[in-house]
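Note: hydrogens, waters and symmetry copies are ignored here, and every other heavy atom, side chains too, is used. By convention in this document, chain letters (A, B, ...) are assigned in the order of the sequence lines, proteins followed by strands, and residues within each chain are numbered from 1.
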Amino acid sequence: MQGLVPAATDGNMATEFHNLQELRHSASLANKVFIQRDYSEGTTCRFQTKFPSELESRIERTLFEDTVKTLNNYYAEAEKIGGQSYLEGCLACATAYLIFLCMETRYEKVLKKIAKYIQEQNEKIYAPRGLLITDPIERGMRVIEISIYEDRGSSGSSSGSSSVSGSTAR
Amino acid sequence: MKNCEYQQIDPRALSVLPSSAQNHTEKKAQRPRRKWEVFPGKNRFFCDGRIILARQNGVLPLTLSLIIVTCGLFFAFDCPFLVKHLTVFIPVIGGVLFVFVVLSLLRTSFTDPGILPRATPDEAADVEKQIDTSGSSTYRPPPRTKEILINQQVVKLKYCFTCKTFRPPRTSHCSLCDNCVERFDHHCPWVGNCVGKRNYRFFYSFIISLSFLTSFIFGCVITHITLRTQAGKTIVQAIQESPASVVELVVCFFSIWSILGLSGFHTYLVASNLTTNEDIKGSWSSKRGAEDSGNPYTYNSIITNCCATLCGPMPPSLIDRRGFLPHDEAIPAVSASEIELPPFTAKNDAHMEENCQDISLSCTA
């Protein structure tokens, strides 16, 4: 089985980020897996933690479940109805909702944290295994899209990273 | 995307699309396009995607003009008399209410109600694949419903043929706007937009403040005319001195019934965590059979329901109107089965060089 790059060390981080950008161009997209929403607790945002069969050979089950559970926790934090959200709601109502024009809502702050987390996961765990997670917000919060890439194999000078790993893997 | 008939999507064509699109990226549009420009629903956008409206405004201009004209007449004709005879707070209170009403109305009309973006072709193909497991060559449309458990209660999710996805619970497809809207309440023609998850609280503030405003104006106008008649004139004389008051009285009288009724109805909906759509369809009414079919979304406490609906966290807009279209989606309208190669334009030599480089790269791959 050919991975794209060896496991990340500190020195490889910069290269790896660069590889992440090239991932879509150098490797070819083999398949996409969609993790659907879990509505068992209502309409709050949760994703199913069931491990899809297509990923069985690509990534360990525990790593995948950790990622999804952390994402679910982030979303639960964003949608939590408690003191802070009431304060935000009442303040917004008192200012005739004009405050939303200048202030960033708590949800948006958590979404930024989620985006950073997903990028970090992609760099550290998923890209080395030829996978890429798309932020659910780009898919309307309906699915977590995981793209599975196949290395194109050893090929000329077109794609530096994948060809290097292709030759080392063989 | 305008085609409402069901088409099976060929997954094999999808993997071809990104690489060929890179080779032949749309070069005619010199500037990057924003996502609102290719939005498939029936919406109109202003201020470069910042403001969203339904295509049919309904009677939003009428609503606005009624409010502005009535308030204008009130401030011009009734307030001077009342300030002299009563208190200066009358126009102050009226002004505050007026500002609140107009801001809530504009906020309701111009906010994305919670539109769900349509499924990407990959997603739609995946949904089909999961359902059509028989592997027969003649395809059939996916079954229309999927049953899930929410808080130990069975809820049916319907498949939306336009958006090509199973609708999340409490989501409904608005035919006027041609969008699936989350927590769909209703499409309000007075406001010219759907009322859904993201703008329900603005809509509620609008109708509550409007009830206060109409009652306030009605009360003030009655007081005004009464004070004039107490000074020794008849009602007819009083009306002749201030004809605008009659206009206001008529408008307020007819609005009060409907607005107060609507406010009461929506207060009931908020307290029981229901939507107009569910209430009208009787989704959770106890009339249906012997099984326990209560509302699975309620918190079983009026205060918690109100707080959750009105003071809950503000969800983000899912349609990302102002985002730029990425390069490999620069041709979104092209169907998967036919990928046309746009001719190279001789306009920009730099782009031509880039194209040639791309082709050479892919040829050596």
Any donor and acceptor pair, going by atom type alone, linking the side chain of D122(B) with main-chain N or O of T120(B) inside 3.5 Å?
-> no

Does any heavy atom of chain B fall under 4.5 Å from the side chain of A92(A), the backbone, both, or neither of them?
-> neither

Would you find a donor on one side and an acceptor on the other, under 3.5 Å apart, between the side chain of S109(B) and the backbone of L105(B)?
-> yes

Give, as side chain, backbone, both or neither, the part of I148(B) having an atom under 4.5 angstrom from any heavy atom of chain A.
-> side chain

Applying a strict 4.5 Å limit to non-hydrogen atoms, the region of I115(B) in contact with chain A is neither

Any salt bridge between E278(B) and R170(B), counting N to O under 4.0 Å?
-> yes

Chain A contact via P296(B) - which portion, at a heavy-atom distance below 4.5 Å | neither

State whether the side chain of R58(A) and the backbone N or O of R129(A) hold a donor-acceptor pair below 3.5 Å, judged by distance alone.
-> yes

Give, as side chain, backbone, both or neither, the part of Y299(B) having an atom under 4.5 angstrom from any heavy atom of chain A.
-> side chain

Give, as side chain, backbone, both or neither, the part of C45(A) having an atom under 4.5 angstrom from any heavy atom of chain B.
-> neither

Of the listed residues (C90(A), A78(A), S40(A)), which shares the most heavy-atom pairs with chain B below a 4.5 Å separation?
-> S40(A)

Heavy-atom distance under 4.5 Å to chain A: side chain of S209(B), backbone, both or neither?
-> neither

What residue, out of D38(A), T43(A), T105(A), has the most heavy-atom pairs lying under 4.5 Å from chain B?
-> T43(A)

Does the side chain to side chain donor-acceptor pair (under 3.5 Å) test come out yes or no for N277(B) and D185(B), once each step is laid out?
-> CA-CA 5 Å; N277(B) 203 26; D185(B) 197 84; over 6 Å; no

Flag for Q121(A)-T67(A): side-chain donor and acceptor within less than 3.5 Å = yes

Most chain A-contacting option - heavy-atom pairs closer than 4.5 Å, from F202(B), F100(B), Y297(B) | F202(B)

Test item: N193(B) side-chain N/O and T111(B) main-chain N/O as donor-acceptor pair under 3.5 Å | yes

Could you tell me whether the side chain of R106(A) and the main chain of M314(B) form a donor-acceptor pair under 3.5 Å?
-> no

Residue from S317(B), S205(B), C311(B), P315(B) scoring the most non-hydrogen pairs under 4.5 Å with chain A is C311(B)

With a 6.0 Å cut-off on ring centres, are Y200(B) and H266(B) close enough?
-> yes

Cut-off 4.5 Å, heavy atoms of chain B, and the answer for L111(A) is side chain

Which answer fits R183(B), side chain, backbone, both or neither, if we ask what part of it has an atom under 4.5 Å from a heavy atom of chain A?
-> neither

